[in-house]
Amino acid sequence: MNARSRFSRTARDGASYVAERAYEIVAFALPMVIYARSASSEPASWDTAEMQGVPYILGIAHPTGFPFYTILGWFYSHVVVIGTVAFRMNVFSGACVAAACLAGYLICRELRVLKPVALACVLWFAVTHDLWVHASRAEVHDLALALSAFSLLFALRWMRTADRRAFYASALLFGLGLATHPFVIWLAPGLALALLLGRRSLSLKQVGKAVLLVCACLCLYFYLPLRSETVALLHQDPAARLAGVNSSLFWDYNKPRTWDGFKAEVSGSQFSANSAVLAAFDPHGYQPALLNWLTLVSESYGAFVIPFAFFGLARCWQSNRAATAVLLVACLGVVPFSYSYPSEGDGDRYRMLSLLLVAILAACTCIDLRTRWQNLRAFALTCLALFWGASTLVNNEATFGYRGQYGGRNIINLVAARVPPGSIVTVGWVDATSLAYGAYIDGSLSGRTIVSEGPGESAAYFAQWLTVGPVYIIAAPGTVFPNTRVAVLPDIDPWHGLFRVLGPAVKVVP
């Protein structure tokens, strides 16, 4: 090969490298911009407010504790000092989902999908409603999604290249995913299948190292008892002085420094997680789960994506049966569980990886095309995916409005004006997390102690609480408290009544 030929080949390789990196940058950056533009600066409610606040104070969230999310979120929220803590954690989730989009693009490339098709389908996935909504607010599942997607990517890469570094990277990311949220365990059958199909390139010692990596990541759960003990020693939990409070918001949920508390925190038994796992293996639930999931796919992408995904599945199976099998098992394993979880109010956040699978399969209709007519087909699919993606973006444009929502700020301001510092406030979970954010994160409810419970659940302890400070209950207007004497105060708003506890009695004092 002469000097001119070598130079020409080097130039082509350099241009191809730059083009590939440019596609990867767009696959991450464009969704990231969309999600950041959708992120609110204000605290939300429900689990979202908890995920906005717990990492900032290195607290302990509701089961299963989510230690890796908490630790990584603490680092992020203290290093990236932009806007409010709520905004930082919302953007953190957006970055996680954008990273998952990048992983989806790289998986498509691993399967030899043409770059424009892979990018167009992944961007379409990025603006589907459920994904976009979850990416614009603080969600532990977003980090779990990113770790799962990259773990799957490296497993597929190891199957293709037998590169042990990819194998160890897959194990490490899987372990960190488990330390983020245990539902990542449903990725394990797919990874085990990858190990089985590619076992000839590994020794037992190398498999043992990968298992040790996963176990080392699971040691992050020791954060829970260690941090709980620290909180107790430093008297950081305001609710620790109250009798009968075990699940202390933000600071010390379930008190996992005790063995019983640790088991309750890690197992998720309080939320029927164990029964949901068993129900996921009941074959009678597979058909309704599949039908519900196909409905979700149709609502997210439009019904027309289903034939494209099935055609892509056939093309992918023809091209690489082993990788296709791993992809299907890894991404769909969680679907039956997500529909069998009775305590879950937002099951779609467990299904985001399965929605990414749909985009990948749709892109697989254009695997390794070379002829003129095949490239024309790739061009047509790219244009269609971009058009459908743009239509999906327009249809879900209201999600940009999330950045203007105040979420939990209204209830924080109303309670701050009506409840004096030094008070104890009991309220249901949905609003308790908002108020805890105000009390423990931004100081807008400074001096108040927030307890999450139903109306009057701690009535037996109110006499003791009253020796600490005034006790207020926030519940639906007109709520009756049979065992507690309360003063009925003017309602906070049409949905929240305010009651001041006077002591144990039956009579309600208006």
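Along the sequence shown, residues carry numbers from 1. Remember, predicted model here, so these are calculated numbers, not experimental data.
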Verify side chain to side chain contact (heavy atoms under 4.5 Å, CB included) between T70 and R227, making sure each step is shown before the conclusion. CA-CA 11 Å; T70 300; R227 180 56 178 154; over 6 Å; no
From CA spacing to verdict: side chain to side chain donor-acceptor pair (under 3.5 Å), S38, W132: CA-CA 9 Å; S38 308; W132 189 352; 2.9 Å; yes
Full working for side chain to side chain contact (heavy atoms under 4.5 Å, CB included) between S300 and L296: CA-CA 6 Å; S300 299; L296 173 65; 3.8 Å; yes
Where do R349 and E139 land on the side chain to side chain contact (heavy atoms under 4.5 Å, CB included) test, with the steps shown first? CA-CA 9 Å; R349 53 187 176 176; E139 286 271 5; 3.1 Å; yes
Run the numbers on H129 and E299 for side chain to side chain donor-acceptor pair (under 3.5 Å), then give the verdict. CA-CA 9 Å; H129 180 264; E299 292 172 349; over 6 Å; no
Chi angles and distances behind the ring pair (Phe, Tyr, Trp, His ring centres under 6.0 Å) call for Y56, H78: CA-CA 7 Å; Y56 187 73; H78 285 81; 4.4 Å; yes
Test log, rule side chain to side chain contact (heavy atoms under 4.5 Å, CB included), inputs T433 and S452: CA-CA 8 Å; T433 54; S452 172; over 6 Å; no
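The two residues A149 and I107 have their closest heavy-atom pair at O-CD1, 3.8 Å. The two residues C101 and Y35 make their nearest non-hydrogen contact at SG-OH, 4.1 Å. Taking every heavy atom of both residues into account, V122 and G104 meet most closely at CG2-C, 3.8 Å. Residues I306 and L294 share a closest heavy-atom pair of CD1-O, 4.3 Å. Of all the heavy atoms in C331 and L152, the pair that sits closest is SG-CD2, 3.7 Å. Here the closest non-hydrogen pair linking I450 and A439 is CG1-CB, 4.0 Å.
Under a 4.0 Å N-O distance rule, the pair E24/R109 does not qualify as a salt bridge. The pair D47-R137 does not count as a salt bridge, with every side-chain nitrogen at least 4.0 angstrom from each carboxylate oxygen.
Not less than 6.0 angstrom separates the ring centroid of H134 from the ring centroid of H141. Between Y301 and W124, the distance separating the two ring centers is shorter than 6.0 angstrom.
A ring-ring contact (aromatic ring centres under 6.0 Å, His included) with F183 holds for exactly one of F337, F66, Y350; it is Y350. Paired with L353 under the rule side chain to side chain contact (heavy atoms under 4.5 Å, CB included), one option of V184, L187, V335 passes, and it is L187.
Not a single donor-acceptor pair under 3.5 Å links the side chain of S354 to the backbone N or O of L332. Using a distance-only test at 3.5 Å, with no hydrogens or angles considered, no donor-acceptor pair links the side chain of S151 to the main chain of L147. In this structure, S170 contributes its side chain and A166 its backbone to no donor-acceptor pair below 3.5 Å. Judged purely by atom type and a 3.5 angstrom limit, E50 uses its side chain to pair as donor or acceptor with the backbone of H62. Using a distance-only test at 3.5 Å, with no hydrogens or angles considered, no donor-acceptor pair links the side chain of T64 to the main chain of S267. At least one donor-acceptor pair closer than 3.5 Å links the side chain of T161 to the backbone N or O of R157. Side-chain N or O atoms of Q52 include one that pairs as donor or acceptor with a backbone N or O of A44 at under 3.5 Å. Remark: side-chain polar atoms of R409 are not paired, donor with acceptor, to backbone N or O of E42 under 3.5 angstrom. Side-chain atoms of N90 come within 3.5 Å of backbone atoms of S40 as a donor-acceptor pair (strictly under, hydrogens ignored). Side chain of S77 to backbone of G73: a donor-acceptor contact under 3.5 angstrom is found.
Using bins of under 30°, 30° to 60° and over 60° for the plane-to-plane angle, the ring pair Y76/F92 lands in the tilted bin.
Of the inter-residue distances, the one linking S148 atom OG with F174 atom CZ reads 8.5 Å to the nearest 0.5 angstrom. Taking CH2 from W251 and CG from L58, the interatomic distance works out to 9.0 Å, rounded to the nearest 0.5 Å. How far CZ of R351 is from CG of L145: 14.0 Å, rounded to the nearest 0.5 Å. Within the model, atoms CG of L218 and OH of Y221 stand 7.0 Å from one another, a figure rounded to the nearest 0.5 Å. Distance check, rounded to the nearest 0.5 Å: CG of L106 to CG of L156 gives 11.0 Å. The distance from the OH atom of Y437 to the OG1 atom of T48 is 12.5 Å, given to the nearest 0.5 Å.
Looking at heavy atoms from C-beta onward, L153 lies in side-chain contact with F150 at the 4.5 angstrom threshold. Put simply, the side chain of T84 does not reach to within 4.5 Å of the side chain of D442, judged on heavy atoms. Between R165 and W158 the shortest side-chain heavy-atom distance does not fall below 4.5 Å. In this structure, S319 and R315 have side chains that are in contact, with non-hydrogen atoms separated by less than 4.5 Å. Considering only heavy atoms from C-beta on, L111 comes within 4.5 Å of L327 through its side chain. The side-chain heavy atoms of F154 and F167, taken from C-beta on, include no pair separated by under 4.5 Å. The side-chain heavy atoms of V97 and P31, taken from C-beta on, include no pair separated by under 4.5 Å. Residues V54 and Y69 have side chains not in contact (no heavy-atom distance under 4.5 Å, counting atoms from C-beta outward).
Side-chain contact, D431 with H496: a donor N or O sits under 3.5 Å from an acceptor N or O. S136 and R37 share no side-chain donor-acceptor pair at under 3.5 Å.
In F304, the CZ atom is crowded: over 12 heavy atoms of neighbouring residues, nucleotides or ligands sit closer than 6.0 Å.
Checked against salt bridge (Lys or Arg N to Asp or Glu O under 4.0 Å), D493 has no partners two or more places apart in sequence or in another chain.
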